J.: 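The structure that follows is given in the form of structure tokens.
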Amino acid sequence: MFVPMNKLLNNDQIRQEFQKALLQWFENNKRTLPWRERKDWYGVFLSEFLLQQTQVTQALPYFQKLIRTYPTVEALASASEDELLRHWAGLGYYSRARNLRKAAKVIVERFSGRFPQNYTEALSLPGIGPYTASAILSIAFNQPLPVVDGNVIRVITRVFNIEEDVRQTKTQKQIREIAAQLLPNQTPGRFNEAMMELGALTCQPTSPLCEQCPLQKWCLANRQGSVSKIPFKSPPAPKKRLYQFVLLFVATDGRLLTVKRPRNGLLASMWEFPTLETTPEELNTPEPIREFLSRYQTAAPIVLPQMKHIYSHISLRYRPLLLSVNLPFEFHSRFYVQQKWLQLESISLLALHNAHKKILTDTKFAEWWQRKGFENKR
DNA sequence: AAGACGGGGCT
DNA sequence: AGCCCAGTCTT
């Protein structure tokens, strides 16, 4: 392992030139973002939750919607979990929404509605880890805490030509130490924002714009022509495959059974239609599930075409089954935490996850629904 | 220390 | 199809 103890780290004057060049670039090139326009910590707090593992362009519409719906931390703290989740639907990593609301509650109830000014206390809030704690305290309160996110990792590994695997704890520790040494005491918040903005706009993952980079003259990877190989990441775990039936229980009045998933794990706290795990073979020959269905004494299901949904770590193949039932009808499950019989239009107001939203907009489902005549009953 | 956890954009 | 993320929590 080779960390250049280069002048950037031990020469005050050169480090200051580096900081000045970066900050100057930031002032001239930073994007106009709603949480930068606001001067309060609440906007930063909300945006940092949204921006965890999420790009600015993806988070932007969600920020606008949420800041309007919950203008203050008190409003957010008193929001219902289901309502917040409905706003969050489609953004992913749904535990963030639950943690965001819990954190707001703690801030209101334990910290009198003010963000804790201490790194350790900030870290104790649900959903706030080392990155978010440092980001909020440095950006909103100008505390000298370095941030290390994907952008900073990219900028630092390139500037210092660090070729080790960035998934390794040891490499990450090394990057954190460098980030701490580069941080100016006067303007840590702007410096952190500048590092991340540079990573997003110039020091991009692929085809970075080195010619227009304000740090080019300090960048070792640029000098050695290794930019495209850095940062190095060991290959991720292969994608899992998941096969399931989706059970659309339809009552005679046209209502559908919806269920809420547990607060941990995949699609935390999101609503869906009950699912039944199966194998790739069974998914194409729904005969074997007849035994399961006979328990509910339902007529033969209407089998819709197989569908596909890709998560970052799971490849899901699923097939909706339409099952007509008479109420009262009891669905038992140890897995789901809540259930509701809802009309189709009420379901669209639910925090339904994407894979199952796709079922409702699927043409085959729409055709069937039309034929049943539920539309005409109302 | 390693897995689990979404979705959109880009190549 | 594969890779990139403005990370945190659980085990």
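A note on names: the letters A, B, ... follow the listed sequences, proteins ahead of strands, and every chain is numbered from 1. Here the structure is a predicted model, which is why all the values come from computation and not from measurement.
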J.: Say you pick atom P in C:dA6 and the same atom in B:dT11; how far apart are they, in whole Å?
T.: 15 Å
J.: What one-letter contact string describes nucleotides 2-11 of chain C from 5' to 3', where B marks a base within less than 4.0 Å of any protein heavy atom, S marks contact via sugar-phosphate atoms alone, and - marks no contact?
T.: --SSBBSS--
J.: Give a yes or no on whether the backbone of A:L349 and the side-chain of A:R86 come within a donor-acceptor separation of less than 3.5 Å.
T.: yes
J.: Please report the distance, rounded to the nearest Å, between NE2 in A:H309 and P in C:dA1.
T.: 15 Å
J.: Does A:L267 reach a base, just sugar-phosphate, or nothing at all? Heavy atoms under 4.0 Å.
T.: sugar-phosphate
J.: Is the closest side-chain donor-acceptor distance between A:T202 and A:Q212 under 3.5 Å?
T.: no
J.: Who passes side chain to side chain donor-acceptor pair (under 3.5 Å) against A:S269, sequence neighbours left out?
T.: A:E81
J.: Hey, which of these two, A:Q58 or A:A237, hits DNA chain B nearer its 5' end, going by closest nucleotide?
T.: A:A237
J.: Round to a whole Å and report the spacing from CZ of A:R98 to C1' of B:dG6.
T.: 18 Å
J.: Return no unless some side-chain N or O of A:H313 is found under 4.0 Å from OP1 or OP2 of B:dA4.
T.: no
J.: Could you state the CG-P distance from A:L50 to B:dC5, rounded to the nearest angstrom?
T.: 21 Å
J.: Name the orientation class of the two ring planes belonging to A:Y318 and A:H356 (parallel below 30°, tilted from 30 to 60°, perpendicular beyond 60°).
T.: tilted
J.: Angle class for the A:F115/A:W41 ring planes (parallel below 30°, perpendicular above 60°, tilted otherwise)?
T.: tilted
J.: Determine the sole option in A:F49, A:F45, A:F63 for which the ring-ring contact (aromatic ring centres under 6.0 Å, His included) test with A:W35 is passed.
T.: A:F63
J.: Expressed in angstrom and rounded to an integer, what is the separation of A:I310 atom CD1 from B:dG6 atom C1'?
T.: 12 Å
J.: Does A:K240 have a side-chain nitrogen or oxygen under 4.0 Å from the phosphate oxygens OP1 or OP2 of B:dA4?
T.: yes
J.: Write down the distance separating the P atoms in C:dT11 and B:dG6, rounded off to the nearest Å.
T.: 15 Å
J.: With no hydrogens and no angle check, is any side-chain donor or acceptor of A:R190 less than 3.5 Å from a backbone partner on A:T187?
T.: no
J.: Using whole Å, what does the distance between atom C1' of nucleotide B:dG6 and atom CG of A:L316 come to?
T.: 13 Å
